[in-house]
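Worksheet for the structure shown next.
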Amino acid sequence: MDESELLALRRRIDAIDEEILKLLSERGRCARRVGELKQGAIYRPEREAQVLRRIAALNPGPLPESAVRTIFREIMSACLALEQPLKVAYLGPAGTFSEAAARKHFGSAPQFVSLASIDEVFREVEAGNIDYGVVPIENSVEGMVGVTHDLLLLHPLQICGEVMLRIHQHLMSLAPSLAAVKRVYSHAQSLAQCHEWLSRHLPDVPYVPVASNAEAARLAAQDPDAAAIAGEAAAERYGLTVLAANIEDDPNNTTRFLVIAKHDAAGPSGRDKTSLVCSAPNKPGAMHRLLEPLAHYGVSMTKLQSRPAKSGLWEYVFYIDVEGHRLDEPVRQALAALEERATFLKLLGSYPAAAW
Ligand SMILES: O=C(O)C(=O)C[C@]1(C(=O)O)C=C[C@@H](O)C=C1
């Protein structure tokens, strides 16, 4: 080993760190001033998406895109906290995928609050006790989360962001090896998602469904004969060792979460979505006529989901996501035409498509 080169490189790293720190402090001062000048909401999802996309495109390497994104996610999170400390709620308990989604979207600076139900997340945001809520809306394997769809219809809240989270399930325990595991705790959905792996590697132990993956990890942390299936955050939180990683049967398992607030994204970010819920008159061709303006104005639909209207009359509401912001001209025109044809329409908000 060349000691003198090592020493020189470390001196260079120290000097670079000082430069980085100076620049970060300057960035913090700029953001604080932006916060004083800005009117309306301090948190600007459209601007954050643009910053993250731009940095990812500029990245010269050798750091991977994911590392650069994570670093800049944290920088903006800290800068935003200088402007306004945020309170962000998610469906708890701590250590669940909902918490991971909230942290992925907002970085680690906000105060995170774990709430017992999706309903409570909506109510606390509406009451103004919480600034932003993060709620699951659909999973690529399990399908839609019905309760979130219903609450979007009922509450006067807006969608200001979306988060895509790859769901990786791990088997974790205090036990030193798989052979020592005598029972497995997890949420019923996670047990189902790991069914093949479990029947191959732990065929003879009971699988015990519990309220959440975080609860499973908490139980496994009290019982050295037990293991839990949960996400990485739960292993860290409860001091468990991952005995087998990524044991989900479908490697593309992804959950989409929405960020809800009293406002949506004030302007377009360049790659946006708009969500709405509407109903069509109950007559032949009504659905075709309702959606026709989207084709006419060249607006792409990324989701169409029907759900009972709860009137008990076999009536349905339709949840629609389209590409673009409500202020983009084709979207604005298509929505105006759609509203004329619908018996009911509620705009749920425009927001940047998940940046990563
Ligand atoms: O551009 C702004 O509006 C800022 O407040 C700055 C900044 C950032 O750190 O880049 C911080 C918070 C906002 O959510 C968006 C961006």
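Atoms within each ligand, like the ligands themselves, are counted from 1 in listed order.
Residues Y185 and Y207 keep their aromatic ring centres 6.0 Å or farther apart.
For ligand 1, the atoms closer than 4.0 angstrom to any heavy atom of C79 are 9 (O). Close approach to Y43 involves these atoms of ligand 1, each under 4.0 Å from a residue heavy atom: 14 (O). Here is the list of ligand 1 atoms found below 4.0 Å of a heavy atom in L80: 12 (C). Residue contact check: V34 has heavy atoms under 4.0 Å from atoms 2 (C), 3 (O), 4 (C), 5 (O) of ligand 1.
A side-chain donor-acceptor contact under 3.5 Å links E124 and N129. For the residue pair T96/N213, the side-chain donor-acceptor check at 3.5 Å is not satisfied.
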Should K38 and E83 be marked as a salt bridge (Lys or Arg N to Asp or Glu O under 4.0 Å) after you check the CA-CA gap, both sets of side-chain angles, and the distance that decides it? CA-CA 10 Å; K38 239 185 312 198; E83 300 177 50; 3.2 Å; yes

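The single protein non-hydrogen atom nearest to atom 9 (O) of ligand 1 is R27 NH1, 2.8 Å, given as residue, atom name and distance. In terms of protein heavy-atom proximity, atom 5 (O) of ligand 1 is nearest to E83 OE2, 2.6 Å.
Checked against a 3.5 angstrom limit, the closest N/O atoms of K38 and ligand 1 fall inside it.
Nearest to atom 13 (C) of ligand 1 by heavy-atom distance, out of E48, R33, R47, is E48.
A salt bridge links R103 with E99: the distance from a Lys NZ or Arg NE/NH1/NH2 to an Asp or Glu carboxylate oxygen falls below 4.0 Å.
Atom CZ of residue F72 and atom OG of residue S77 lie 14.0 Å apart, to the nearest 0.5 angstrom.
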